[in-house]
K.L.:
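Shown below is the structure under consideration.
Side chains included, hydrogens not; waters and symmetry mates left out as well; all remaining heavy atoms used.
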Amino acid sequence: MKKLLSLLVLLLLVGCQSNNQKVSEKDVQEGEKVKVGIIQFMDHVSLDAAREGFVEQLKESGLDVEVVEQSANGDMSLTNTIAQSLKADGVDLIYAIATPAAQAAKNTITDIPIVFSAVTDPIGAELVKTFENPDANVTGVSDYVSSEAQIDSFLKIFPNVKTFGVIYNTSEQNSLVQIQELKSNLSKRGIELETVGVSAVNDIPQAVASIAPKIDALFALTDNLVANAAPIVSDTLIKNNIPSLSAEEGQVKNGLLMSEGVNYKEQGKQAGRMAVKILNGESVSNIPVELNEINTKLVNEKTAKALGVDLNVENLKDAEKVQ
């Protein structure tokens, strides 16, 4: 819990550490072409949206940008190889999507600016020391969103929930931090939390089958491994008449019931604006880490119908609907 609290508190404080390191950033002259490398940890709807928003923002900036995109397909070891490849390719900036990609970029590269997104706890992941004073060549956008407001909204629709379930990747720092906070917020409301850890996509069908009899609802974290299997999770939940709440919209598009969480395309654009500042000559160390700016209330109509949920209830009538 200590790391999570530091994430919130440090955003409000101006760090007292001095940062004397200087990245050799490129001051882009008018008409000069720049090259941006993208490391995406895996391909799924949320991380794809973070990439699309970033590229869109670069195009809108007016800079002449060549984008080199590479995905690690969920392979942790491949992230390091991609980072080394992009460095050898002479990119002017790296955009790292998700914690493993950002960690690989930082561990491999010290002389090229790195901007990350889809990272919940950049301090705990050792990407930056503080929000206000990031390390010399790394900054970005955290996708942390408090679960409290989301839970309260969900409970207005499902007031009889006594136990939430969570499926999480035991190797993902993002997920461990979110579970700590979620457990605390549920405890305040007298609600239990059942968790089951997985280490591979193939573990997920058994995980959701084992947890389903023990829970009244499922909370989907911003967990890349589990998000990639959202259709599998959704099918089992619907068969067991279990509603679900997602911390981000991508899993709702893939079958979970509802979300009041991260809009990853907008987060990609937010990261893109930071990248444009850097490409125009601003030092990374002068650009604080930012929290996610735009969240979206989303509900899956098909899932709502299968669960018998009335879309006209107060907390859903203004939500964006997806099939």
Side-chain angles (χ1 to χ4, degrees), residues 38-52 69-83 96-105 116-121 125 143 164-179 182 193-215 217-240 242-259 261-262 264 267 298 300 302-303 306 322:
I38 297 179
I39 308 173
Q40 183 170 327
F41 178 54
M42 65 167 54
D43 300 318
H44 65 69
V45 63
S46 300
L47 300 191
D48 291 348
R51 184 193 70 244
E52 291 162 7
E69 302 176 12
Q70 294 194 49
S71 172
N73 297 313
D75 185 337
M76 301 277 281
S77 62
L78 190 55
T79 56
N80 292 304
T81 303
I82 292 173
I97 310 173
T99 302
Q103 289 173 320
F116 62 76
S117 74
V119 172
T120 303
D121 184 7
D143 63 4
F164 264 96
V166 163
I167 302 169
Y168 71 101
N169 179 1
T170 55
S171 299
E172 188 153 343
Q173 170 70 20
N174 281 356
S175 300
L176 301 177
V177 170
Q178 290 174 81
I179 286 173
L182 181 62
L193 179 64
E194 283 278 345
T195 64
V196 57
V198 296
S199 57
V201 171
N202 291 339
D203 298 337
I204 293 175
Q206 178 58 38
V208 67
S210 69
I211 203 173
K214 306 174 185 177
I215 64 175
L218 182 129
F219 191 99
L221 310 173
T222 57
D223 182 301
N224 291 297
L225 184 66
V226 181
N228 199 37
I232 297 170
V233 176
S234 172
D235 286 346
T236 302
L237 294 178
I238 290 172
K239 287 174 184 175
N240 288 274
I242 297 171
S244 50
L245 173 63
S246 176
E248 50 91 10
E249 63 175 11
Q251 295 179 71
V252 177
K253 292 176 180 177
N254 275 335
L256 297 192
L257 176 62
M258 62 179 288
S259 171
V262 181
Y264 276 104
Q267 181 164 123
L298 203 66
N300 188 299
K302 184 177 178 181
T303 301
V322 294

K.L.:
Checking Asp48 now: which residues fulfil side chain to side chain contact (heavy atoms under 4.5 Å, CB included) with it, not counting sequence neighbours?
P.N.:
Gln40, Asp43, Arg51, Glu52
K.L.:
Going by the side chain to side chain contact (heavy atoms under 4.5 Å, CB included) test, name the single residue among Lys253, Gln251, Met258, Glu248 that passes it with Leu298.
P.N.:
Lys253
K.L.:
Distance check, rounded to the nearest 0.5 Å: Met42 atom CE versus Leu78 atom CG?
P.N.:
12.0 Å
K.L.:
Minimum heavy-atom separation for Ser246 and Val252, please, with both atom names.
P.N.:
CB-CG2, 4.0 Å
K.L.:
Might you point out which heavy atoms bring Ile232 and Pro205 nearest each other, and give the distance in Å?
P.N.:
CG2-CG, 4.0 Å
K.L.:
Give a yes-or-no answer on whether the side chains of Asn169 and Ser175 include a donor-acceptor pair shorter than 3.5 Å.
P.N.:
no
K.L.:
What's the separation between atom CD1 in Ile97 and atom CG in Asp143, rounded to the nearest 0.5 Å?
P.N.:
12.0 Å
K.L.:
With rounding to the nearest 0.5 Å, note down the distance linking CG in Asn80 to CG in Asp75.
P.N.:
9.5 Å
K.L.:
To check you understand the geometry: which heavy-atom pair defines the closest contact between Val233 and Ile204, and what is its length?
P.N.:
CG2-CG2, 3.8 Å
K.L.:
Quick check: closest heavy atoms across Asn224 and Leu47, and the distance to 0.1 Å?
P.N.:
OD1-CD1, 3.2 Å
K.L.:
Report the distance from atom CD1 of Ile211 to atom CZ of Phe164, rounding to the nearest 0.5 Å.
P.N.:
12.0 Å
K.L.:
Would you mind reporting whether Leu193 and Val166 have side-chain heavy atoms less than 4.5 Å apart?
P.N.:
yes
K.L.:
Of all residues at least two apart in sequence or in a different chain, which pass the side chain to side chain contact (heavy atoms under 4.5 Å, CB included) check with Ser234?
P.N.:
Ile238, Leu256, Thr303
K.L.:
Going by heavy atoms in the side chains, are Ile179 and Tyr168 under 4.5 Å from each other?
P.N.:
yes
K.L.:
Could you state the interatomic distance from CD1 (Ile167) to CG (Leu221), rounded to the nearest 0.5 Å?
P.N.:
9.5 Å
K.L.:
So Thr120 and Thr99, do their side chains get closer than 4.5 Å, heavy atoms only?
P.N.:
no
K.L.:
Might you point out which heavy atoms bring Thr222 and Gln178 nearest each other, and give the distance in Å?
P.N.:
OG1-NE2, 2.9 Å
K.L.:
Just checking, is any N or O donor in the side chain of Asp203 or Ser199 under 3.5 Å from an acceptor N or O on the other one?
P.N.:
yes
K.L.:
If you compare all heavy atoms of Leu225 against all heavy atoms of Asp223, which two are closest, and at what distance to 0.1 Å?
P.N.:
N-OD1, 3.1 Å
K.L.:
Which value, rounded to the nearest 0.5 Å, describes the distance between Thr195 atom OG1 and Leu176 atom CG?
P.N.:
10.0 Å
K.L.:
Given 3.5 Å as the limit, does a donor-acceptor pair link the side chain of Gln267 with the main chain of Ala118, or not?
P.N.:
yes
